[in-house]
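The next block holds one structure in the form of C-alpha cells; read it before the comments.
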Number of protein chains: 2
Amino acid sequence: MSKKNAILATATRLFSRNGFQGTAVAELSTLTGAATGTIFHHFKNKEALFLQVLKDVKESLLDQFDRHRQQRLPGGSGLAQVLDVVSFYLHLGGTMEDQFLILHRHFPYQMAETSPVCRDHLASIYTSLLDIFEAGIQKGLEDGSVRLDDPRKTAMVLFAMVDGIVRLNTYRVYDAGALYDSLMTACKRLLAGGP
Amino acid sequence: MSKKNAILATATRLFSRNGFQGTAVAELSTLTGAATGTIFHHFKNKEALFLQVLKDVKESLLDQFDRHRQQRLPGGSGLAQVLDVVSFYLHLGGTMEDQFLILHRHFPYQMAETSPVCRDHLASIYTSLLDIFEAGIQKGLEDGSVRLDDPRKTAMVLFAMVDGIVRLNTYRVYDAGALYDSLMTACKRLLAGGP
DNA sequence: AAGCCAACCGAATGATCGGTCGGTTTTTTT
DNA sequence: AAAAAAACCGACCGATCATTCGGTTGGCTT
C-alpha cells in the first residue's frame, strides 16, 4: 500500500497545482518512484486516479468539519456558530490549500458532466458544506441571534462569499487575512439584520 | 484581418471551455479554417495568443460596465447604485459566460506568476471592478444610504460574494436565478446595516 | 510590370502524451 | 516450502502536441 498512497498524495498535489491535463503520468512516476506500469496497476486510468483523489478530498474535508464540530463548546448562539464555521472555512483554505485548489478548478465540474461518480462526489461535498452553514443559521433563528427569511438560500449566499474569498486568496488576487474583520462584520450584518 | 479575428473569437471559446492546455492549436485550425502556420504567423506562440484573448476579455468587460454606467439615470441613491452593479454583474455572468469562465479558471493566475503582461491584465480587471463597486459604496456613504467602516474592503467582500455566485452558477452547483432575491436582500443588509 | 510584404498554407519534426504488456519481485496463503 | 496472488517494473506503442519552415498568393506601391 505504500506506493499506492504515495501516488495518491503526489497526484493530489499535482492535480491541484497543474490541473488534470497539466499532470503527466510520467511526472507522477518520477516523483513517487513508482513505474508507470505500477500507477496503471492501481488505477485503471488517469480519470479513475483523479476520482479517487476527489473522494479523498471529500472525506478529509468533511472529516475536518466533523472534528471541528465535535470539539465545539456547547452553549454558543447560532450566530456565533455560523461565524465560527466561516472562520474555520477560511482557516482550512490555508491548511488544505491543495484540496481547495482542486475544488476551485474547472475540470472536476466538466468531468461531472460525463462521470456520475464525479458528479456525486461534488454534490456530496456541496450539500454537506451547505448543511453545516445552514445548521448554524437554523440554530440562530431559534435562539433569536439570527433573523432572515430563507435559511438555505442565505447559507448559499454566505458560502459563495466565503468560498469566493478563499479562492481569490489562493489565486493571489486578495489577501484573506486583511479581509478577516470586514468579512466577520459583513456576516453579522447579513445574518442579524432586520427581518 | 478576417482570419485573425476568427482565430481570436474561436480561441476565446476554446480557452474558456477547455482551458489552456486543453485547447489544441490543431483544433483551432480546423474550427477556423486557418492553417496552423497562419495561427503562428499572427501570434508568436500559444501563450501570446492567450494574452491577446485576455486583453480582449478585459477590454470588452470594462467596456460593458462603461456603457452601463453611462446609461444609468442620475439621482439614485448610492445603495441603489451598488445593487444595480451587482445585478448587472449577475447579468453579465450569463451573457459573457466565456469571458467569465476564463477569469474563473486557474491557468491565467498561474501564467501571471511568470508573465508580467498577464499579471497586469488581471490586476487591471480586478482593480477596475472593485473601483466600480467602491464608487457606489462611497456615494452611499455620502447620501446616507450606506453605513459601514471600510469602503474598499467591503467592496472586496461584496465582489467575492457576487463573483462566487456567478462562478458556482456556471459550474452548475448553484442556480443564480433562484438566488437573486436572497442576494439582493443580503447586499442591502450588508451595506445599510448599523455602523 | 516589377518589386514587395503581409497573409496564408500544410507537410514535417521532435517531444511528450496516456496506456499496454510480458516479465520479475514481494507478499500472502495453504 | 510450495503455490497463488498482488505489487511492481520499464521498454514500447500509436496518437497527439506545439512549433517550424519553405513556398504560394494577392493586393499595394513605385
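Given the structure is predicted, the values throughout are model-derived calculations rather than measurements. Letters A, B, ... are given to chains in the order of the sequence lines, protein chains preceding strands, and every chain is numbered from 1.
- Counting only distance, with no hydrogens or angles, the side chain of B:Ser16 and the backbone of B:Thr12 share a donor-acceptor pair below 3.5 Å.
- Ring centroid separation for the pair B:Tyr89 and B:Phe159 comes in under the 6.0 Å cut-off.
- Residues B:Gln52 and B:Asp56 have side chains that bring a donor and an acceptor to within less than 3.5 angstrom of each other.
- Residues from residues 37-51 of chain B with heavy atoms under 4.0 angstrom of DNA chain C, sorted by number: B:Gly37, B:Thr38, B:His41, B:His42.
- B:Leu190 CG to B:Leu148 CG: the interatomic distance, rounded to the nearest 0.5 Å, is 8.0 Å.
- Cation-pi geometry between B:Lys4 and B:Phe43 is met: the NZ or CZ atom falls under 6.0 Å from the ring centre, inside 45° of the normal.
- Remark: B:Thr23, B:Ala24, B:Val25 in residues 15-35 of chain B come within less than 4.0 Å of DNA chain D through at least one heavy atom.
- Contact check for A:Phe20 versus A:Ile102: no side-chain heavy atoms found under the 4.5 Å cut-off.
- Using a cutoff of 4.0 Å between basic side-chain nitrogens and carboxylate oxygens, B:Asp163 and B:Arg167 are not scored as salt-bridged.
- For A:Lys58, the NZ atom counts as densely surrounded, since its 6.0 Å shell holds more than 12 non-hydrogen atoms of other residues, nucleotides or ligands.
- Put simply, A:Lys3 has a side-chain N or O that comes within less than 4.0 Å of OP1 or OP2 on D:dC9.
- Between B:Asp131 and B:Arg152 there is a salt bridge, since a side-chain N of the basic residue sits under 4.0 Å from a carboxylate O of the acidic one.
- Of all the heavy atoms in A:Gly22 and B:Gln21, the pair that sits closest is CA-NE2, 3.3 Å.
- End-to-end axis angle of the helix from C:dC4-D:dG27 to C:dT30-D:dA1, from C1' rotation axes over five pairs per end: 10° (rounded to 10 degrees).
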